[in-house]
Amino acid sequence: MKLPDNIGFDAKRIVRNRTGLGNYCRTLVNDLAEVMPDRRLRLYTPIEGCEDLRERIVARPNVEFVLPRRTVMPGHHSLWRSHGIVRDLLADGVGIYHGLTGELPYGLRRSGIVGVVTIHDLIFLRHPEYYHWYDAWIYKQKFKLACREATRIIAISECTKRDIIEFGNVEPERIDVVYQSCSTRFKVQTTDEQRRSTSERYSLPRRYVLNVGTVEERKNVGLAVEALRDLPDDVHLVVVGRRTRYADRVDAIARKHGVADRVHFLSNLPTDELYAIYQMAECFVYPSRYEGFGIPIIEAIQSGLPVVACTGSCLEEAGGDSCLYVSPDDAPALAAAINDSLRGAPGREQRIARAQEYALRFENLGVAEQVVDVYRRAVEGR
């Protein structure tokens, strides 16, 4: 069945988020525009957002940003995205609307517009203790609404698909697993000068284990800090990510175990310096208790690092069986796995090579083509 001429997208994250969901949305839209040159892709956003983020959408004649037809009062942007947008979609002749980050508006199905939604994770349902109760309640309502309004649902991992079935009581036949595409930019080797200048700028230790991600309770980086006591004294931990209040607890853990001088926090790094920091590390550690997928694991593997992560969610799915996995509550096991991943450890290079071969499945996935297939199934009512 022919796809409609106009396909709409929730572009909020495209113009507001620099990493994570923003990168997912921009990458997918750019790829879709290339594989569907005869379809008009309309990116709906209540505000213009950041110019530099908008410019990351490749300028093509079949792509345009769309603002509300009527003035939206300050503070009412969410209301437009959840209600008023349907009227605009109908006026623009949109036949498919894709909620790229887990949300769809009220009345979409009733309007006759085909709804597709990408759900990245349901951590707010699996681990509500990591959220303010009101935030978790709001996210739950949005999830329930998206499940009702969607013709088809895209899950970014098998783990997320299982959660959607369990918490949303959704028929498995309505869910398509389409992994996130991972850029190959982390494979590009930085120069000796780039690594030297980055190391000097941030006073990096000679030997370090790397963690990348928001410093929050769910990410569990305190376990890696605790594991430092069982690592060689000259091995440090470098944590790259935005600090939250949980970081104060991490500092306390470091002082308790006498490793405070071996823990280094960095944030707001330029991307090219992040590449260098990855490539100078000896090992990547990702002790998160729960993730929807785990893109930093892929980035670490592409950077030539062995990975140590935790069991309990999708991280084995992201890293494959050549990475090492331990319980998110077992610091001695984490330390042992890191020791087995430091330079010179037996089998380290072989594990890196096997992990890099496994990670190829997330590169050049043809994700856009897979999403187009989901659109076709949605239009056909399958």
Side-chain angles (χ1 to χ4, degrees), residues 17-27 120-121 123 130 156-157 159-160 179-188 190 198 204 208-225 227 237-244 246-247 250 264-320 322-326 328 334 337-338 341 351-352 355-356 358-363 365:
N17 290 49
R18 297 189 175 276
T19 60
L21 295 177
N23 285 338
Y24 168 83
C25 297
R26 288 184 290 269
T27 299
H120 297 260
D121 65 69
I123 299 169
Y130 298 136
I156 66 164
S157 67
C159 176
T160 296
Y179 287 113
Q180 290 180 251
S181 179
C182 188
S183 167
T184 59
R185 64 189 185 278
F186 283 85
K187 285 186 169 183
V188 178
T190 54
T198 299
L204 294 176
Y208 63 88
V209 174
L210 178 66
N211 171 266
V212 175
T214 303
V215 186
E216 60 182 336
E217 185 176 3
R218 173 175 58 85
K219 301 287 188 178
N220 197 32
V221 74
L223 190 77
V225 172
L237 174 67
V238 173
V239 181
V240 178
R242 179 176 60 84
R243 287 177 66 104
T244 69
Y246 171 72
V250 175
H264 311 265
F265 291 99
L266 304 174
S267 59
N268 299 318
L269 268 65
T271 304
D272 58 343
E273 293 181 341
L274 180 60
Y275 299 155
I277 287 173
Y278 263 108
Q279 292 172 18
M280 288 186 289
E282 289 196 32
C283 170
F284 186 77
V285 60
Y286 204 59
S288 179
R289 292 184 178 276
Y290 212 83
E291 295 291 332
F293 184 56
I295 284 291
I297 286 180
I298 311 299
E299 295 172 347
I301 292 172
Q302 290 180 336
S303 301
L305 299 182
V307 172
V308 179
C310 284
T311 57
S313 61
C314 66
L315 300 185
E316 296 101 322
E317 197 175 340
S322 296
C323 299
L324 302 179
Y325 305 93
V326 302
L334 184 65
I338 293 173
S341 303
R351 290 201 306 275
I352 291 173
Q356 288 178 325
Y358 175 87
L360 290 174
R361 69 191 60 199
F362 303 116
E363 302 170 11
L365 272 177

Contacts of Ala276 that satisfy side-chain contact (heavy atoms from CB on, under 4.5 Å) - sequence neighbours left out: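 Here the qualifying residues are Thr190, Arg195, Thr198, Met280.
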field: Glu316: partners by side-chain contact (heavy atoms from CB on, under 4.5 Å), with sequence neighbours left out
entry: Thr311, Tyr325
Closest heavy-atom contact between [X] and [Y]?
{"X": "Leu223", "Y": "Cys310", "answer": "CD2-SG, 4.2 Å"}
{"X": "Val308", "Y": "Cys283", "answer": "CG2-SG, 4.0 Å"}
{"X": "Cys159", "Y": "Ser313", "answer": "SG-C, 3.9 Å"}
{"X": "Ala337", "Y": "Val326", "answer": "CB-CG1, 4.1 Å"}
{"X": "Leu305", "Y": "Ala281", "answer": "CD2-O, 3.2 Å"}
{"X": "Ala318", "Y": "Ile298", "answer": "O-CD1, 3.1 Å"}

- request: Could you list all the salt bridge (charged side-chain N to carboxylate O under 4.0 Å, His left out) pairs where at least one residue sits in residues 305-314, not counting sequence neighbours?
  value: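 Output for this query is empty, none listed.
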Pairs flagged by salt bridge (charged side-chain N to carboxylate O under 4.0 Å, His left out) wherever residues 277-287 is involved - sequence neighbours left out: Arg207-Glu282, Glu282-Arg343
Partners meeting ring pair (Phe, Tyr, Trp, His ring centres under 6.0 Å) with [X] (sequence neighbours left out):
{"X": "Tyr130", "result": "His127"}
{"X": "Tyr286", "result": "Phe284"}
{"X": "Phe293", "result": "Tyr179, Phe362"}

Is the backbone N or O of [Y] less than 3.5 Å from a side-chain atom of [X], with the two atoms forming a donor-acceptor pair by type?
{"X": "Tyr246", "Y": "Gly222", "value": "yes"}
{"X": "Thr244", "Y": "Val215", "value": "yes"}
{"X": "Asn220", "Y": "Pro287", "value": "yes"}
{"X": "Asn211", "Y": "Val285", "value": "yes"}

To the nearest 0.5 Å, what is the distance between [atom1] on [X] and [atom2] on [Y]?
{"X": "Thr214", "Y": "Arg242", "atom1": "OG1", "atom2": "CZ", "value": "5.0 Å"}
{"X": "Cys314", "Y": "Asp121", "atom1": "SG", "atom2": "CG", "value": "8.5 Å"}
{"X": "Leu21", "Y": "Arg26", "atom1": "CG", "atom2": "CZ", "value": "10.0 Å"}
{"X": "Leu334", "Y": "Leu324", "atom1": "CG", "atom2": "CG", "value": "10.0 Å"}
{"X": "Cys323", "Y": "Leu315", "atom1": "SG", "atom2": "CG", "value": "9.5 Å"}
{"X": "Tyr24", "Y": "Ile295", "atom1": "OH", "atom2": "CD1", "value": "10.5 Å"}

query: Who are the salt bridge (charged side-chain N to carboxylate O under 4.0 Å, His left out) partners of Arg243, not counting sequence neighbours?
result: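 Here the qualifying residues are Asp248, Asp251.
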field: Heavy-atom side-chain proximity of Pro296 to Phe186 below 4.5 angstrom
entry: no
query: Does Ile277 reach the side chain of Tyr208, with side-chain heavy atoms less than 4.5 Å apart?
result: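 Yes, their side chains come closer than 4.5 Å.
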Excluding sequence neighbours, so at least two apart, what forms side chain to side chain donor-acceptor pair (under 3.5 Å) with [X]?
{"X": "Arg185", "result": "Ser183, Tyr275"}
{"X": "Arg218", "result": "Glu216, Glu291"}
{"X": "Ser322", "result": "Arg354"}
{"X": "Ser303", "result": "none"}

field: Val250/Phe265 under side chain to side chain contact (heavy atoms under 4.5 Å, CB included): CA gap, chis, key distance, verdict
entry: CA-CA 11 Å; Val250 175; Phe265 291 99; 3.7 Å; yes
